[in-house]
2 protein chains.
Amino acid sequence: MPHYFIRKLEQFTKLSCDDRQALENAVCKRRTIAKHADIISEGDDPHHVNLILDGWACRYKHLDDGRRQIISLFVPGDLCDSHVYLLREMDHSIVALTPVRLAEISRAALEQVANDNVRVTKALWWNTLVTVAVQREWTVNLGQRTALERLGHLFCELFLRLRGVGLTDGPSYELPLTQVELADALGLSNVHINRTLQDLRRAGLIVLKGGRLTIPDFDALQRASLFNPNYLHIDREGRHFDADGSV
Amino acid sequence: MPHYFIRKLEQFTKLSCDDRQALENAVCKRRTIAKHADIISEGDDPHHVNLILDGWACRYKHLDDGRRQIISLFVPGDLCDSHVYLLREMDHSIVALTPVRLAEISRAALEQVANDNVRVTKALWWNTLVTVAVQREWTVNLGQRTALERLGHLFCELFLRLRGVGLTDGPSYELPLTQVELADALGLSNVHINRTLQDLRRAGLIVLKGGRLTIPDFDALQRASLFNPNYLHIDREGRHFDADGSV
DNA sequence: CGCATTTTTGATCAAGTTCAATATCAGTGG
DNA sequence: CCACTGATATTGAACTTGATCAAAAATGCG
């Protein structure tokens, strides 16, 4: 069952039992991916859409000389690429950062949902729009923010995304990323990530230990990172489409 | 008539007369925007979609302390935000960089097209997918490339995008961007943009004068910038959906 | 022509990179 | 339980890319 995904969509609008069932039915196959294995690679023909049921993954791209950029991070409940099967080949790769459980959603199933269920279609569009908004915000992050702001901004974003699917525990969450991975995501060197993490710790803005991040004062971190959550559109913006309780 | 837009979509799949007509009909209002005027601003309620008929525009976002990032560039034929009306408010602004003529497409019209015309719907999805792919590539650009590579990469991208809608003239095109705007788009200072442009000129990779950019040797610029056009998906990837000539 | 915008140049400075070494940690097998 | 291994994190020192500040030159346009 795509538990986290449904939770994610319900940040936009409340789904009915039928809606959820439609999503369940769309899943045609489940897979388990080992840590560091590619889920799909640049050049592959994308014939279905991947939904992360559990674990973390990321999009990345290598330049010809080996430099790597992590383009986006996927956490449980994230849909990798709605409608990507319209394209002939992948222009980037997706790799598992931890062991990943995923669901494959076939093109046919997705198109059927689009035809049959207006509310789910809207929720999927919302999901797409937010994904793109996050990508835009990463552009701002890389273009304008300092190292400290970039890290803080990412930590704020991940906090809200994970809280949206119930994966935070009070002020903290599991963060299974290495410093090299953070560096590749933020366009910085791993050495500088290390030093900047120490700055954040020294300032009391984060506690990071044993793969768990704690944000003692979210407001403070938000201010230090110039973080504005508006791009996540998580305040039930589609509540006027809510299913009534009865269905 | 949304001339450039149709040309753009036909990079994916050939449209029939009916398809074109459906797009024409979707346009409900035309507007002219003065240079430097906002087309839509952060916080606005987005009730329709904007299509750039003529002129250049960009998305941007200001940080609280005034830093500005240009998030994407729009050229003639670009659709600003498919389905954006599902969101409650804009998380960024769009401003005209030159005088802009645009068409407003209402939500109702767009939904009608989606219901009535499968080929156009596919083409619009392709357009959305490419827009997102460009955004991802900008992430890579800002995260990994040097100043010279960033500029070269942008010039290559713009060349292919403009050629796709017929706005190149041999190896050159009109580039109405100031150095400050290039700086804001590439996350660099205007001073450094100036010096890097000189480097590119000195290397014979570009000629830039009077608002016109010429790329004497595209391959060379492409190599110098580590540019790979695969993310633009412009080789008629949807040709199996082509309308036959008869309709 | 005159004014505002844009481009160019010079000099100094800072953020972040690179390279290389060391320390720590998690897991594995004995 | 401990030693071993590979991955990850940390530190130091030298270096480089690009930023900042400030002024001058060029350009465009009414």
Side-chain angles (χ1 to χ4, degrees), chain A residues 34-37 56 63 65-70 95-99 141-154 174-202 206-213 224-226, chain B residues 34-36 56 63 65-70 95-99 141-154 174-202 206-213 224-225:
Chain A
K35 182 171 170 168
H36 293 157
W56 287 48
L63 300 192
D65 64 356
R67 278 173 274 175
R68 175 173 90 143
Q69 177 68 34
I70 289 181
V95 68
L97 297 172
T98 68
N141 213 20
L142 293 176
Q144 297 299 325
R145 281 186 250 260
T146 65
L148 189 134
E149 291 162 354
R150 281 186 217 184
L151 262 171
H153 190 280
L154 179 63
E174 296 290 337
L175 182 76
L177 301 177
T178 68
Q179 294 184 4
V180 170
E181 285 158 355
L182 286 170
D184 285 351
L186 296 175
L188 297 163
S189 69
N190 59 335
V191 173
H192 201 55
I193 289 287
N194 183 284
R195 291 182 171 130
T196 308
L197 283 172
Q198 293 179 44
D199 291 345
L200 282 165
R201 281 192 268 242
R202 218 172 300 123
I206 62 163
V207 179
L208 175 56
K209 220 182 143 206
R212 169 161 287 268
L213 181 83
S225 318
L226 303 174
Chain B
K35 182 170 170 169
H36 294 157
W56 288 47
L63 300 192
D65 63 358
R67 278 173 275 175
R68 175 173 91 144
Q69 176 68 34
I70 290 182
V95 69
L97 296 172
T98 68
N141 214 18
L142 293 175
Q144 297 300 323
R145 282 185 249 260
T146 65
L148 189 134
E149 291 163 355
R150 280 185 220 184
L151 261 172
H153 190 279
L154 179 63
E174 297 290 338
L175 182 75
L177 301 177
T178 67
Q179 294 184 5
V180 170
E181 285 158 355
L182 286 170
D184 285 349
L186 297 175
L188 297 163
S189 70
N190 60 333
V191 173
H192 200 57
I193 289 286
N194 183 283
R195 291 181 170 131
T196 308
L197 283 172
Q198 293 179 44
D199 291 344
L200 281 166
R201 281 191 268 242
R202 217 172 300 124
I206 63 164
V207 179
L208 175 56
K209 219 181 145 209
R212 169 160 287 269
L213 181 85
S225 319

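Per chain, numbering begins at 1; letters A, B, ... match sequence-line order.
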Inset, instruction - Measure across A:Asn194 and A:Gln179 and return the closest heavy-atom pair with its distance rounded to 0.1 Å. - result: ND2-OE1, 3.0 Å
Inset, instruction - Can you tell me the distance, in whole Å, between the NZ atom of A:Lys209 and the C1' atom of C:dT24? - result: 12 Å
Inset, instruction - Look at all strands and tell whether A:Ser189 reaches a base, only sugar-phosphate, or nothing, counting heavy atoms closer than 4.0 Å. - result: base
Legend entry - Distance, rounded to the nearest Å, where A:Asn190 contributes CG and C:dA21 contributes C1': 14 Å
Legend entry - Distance, rounded to the nearest Å, where B:Asp184 contributes CG and C:dT6 contributes C1': 14 Å
Inset, instruction - For A:Arg67, answer base if it contacts any base atom (sugar-phosphate contacts may also be present), sugar-phosphate if it contacts only those atoms, and nothing otherwise; contact means non-hydrogen atoms under 4.0 Å. - result: nothing
Legend entry - Value in whole Å for how far the C1' atom of C:dA15 lies from CG of A:Leu151: 14 Å
Inset, instruction - Find the distance between CG (B:Asp199) and CZ (B:Arg195) and round it off to the nearest 0.5 Å. - result: 10.0 Å
Inset, instruction - Compare every heavy atom of B:Leu177 with every heavy atom of B:Glu181, then report the nearest pair and how far apart it is. - result: OE1-CA, 3.4 Å
Inset, instruction - Can you tell me the distance, in whole Å, between the CG atom of B:Leu208 and the C1' atom of C:dT8? - result: 14 Å
Inset, instruction - Just call it for A:Arg145: base, sugar-phosphate, or nothing, with non-hydrogen atoms closer than 4.0 Å on any strand. - result: nothing
Inset, instruction - Check the distance between C:dG16's P and A:Gln144's CD and give it to me in whole angstrom. - result: 13 Å
Inset, instruction - Can you see which heavy atom on A:Gly152 is nearest to which on A:Leu200, and at what distance? - result: N-CD1, 4.4 Å
Legend entry - B:Gln198 side-chain N/O to C:dT9 phosphate OP1/OP2 under 4.0 Å: yes
Legend entry - Touch class at under 4.0 angstrom, heavy-atom based, for A:Gly210 against every strand present: nothing
Inset, instruction - Give the nucleotide from the list C:dG10, C:dT6, C:dG16 with an atom nearest to the side chain of B:Arg195. - result: C:dG10
Inset, instruction - Would you mind classifying the nucleic acid contact of A:Thr196 as base, sugar-phosphate or nothing, using non-hydrogen atoms under 4.0 angstrom? - result: nothing
Legend entry - Gap between atoms NE2 and P, on B:His192 and C:dA15 respectively (whole Å): 17 Å
Inset, instruction - For residues B:Arg67 and A:Leu226, report the shortest heavy-atom separation together with the two atoms involved. - result: NH2-CD1, 3.1 Å
Inset, instruction - Anything under 4.0 Å to a heavy atom of chain B counts; send over the first and last such nucleotide of DNA chain D, read 5' to 3'. - result: D:dG18 to D:dC21
Inset, instruction - Indicate the atoms forming the closest heavy-atom contact of B:Gln69 with B:Leu142, along with that distance. - result: NE2-CD1, 3.9 Å
Inset, instruction - By nearest nucleotide on DNA chain C, pick out whichever of B:His36 and A:Arg150 is the more 5' one. - result: B:His36
Inset, instruction - Consider the side chain of A:Leu188, meaning its heavy atoms from C-beta on, and name the nucleotide among C:dT18, C:dT17, C:dT6 that approaches it most closely. - result: C:dT17
Legend entry - Proximity to the side chain of B:Asn194 - top-ranked nucleotide from C:dC19, C:dT7, C:dT17: C:dT7
Inset, instruction - Grab the CD-C1' distance between A:Gln179 and C:dA23 for me, whole Å please. - result: 13 Å
Legend entry - B:Arg68 backbone acceptor or donor facing A:Gln144 side chain under 3.5 Å: yes
Legend entry - Minimum heavy-atom distance between A:Lys35 and A:Leu97, given as atom pair plus value: CG-O, 3.6 Å
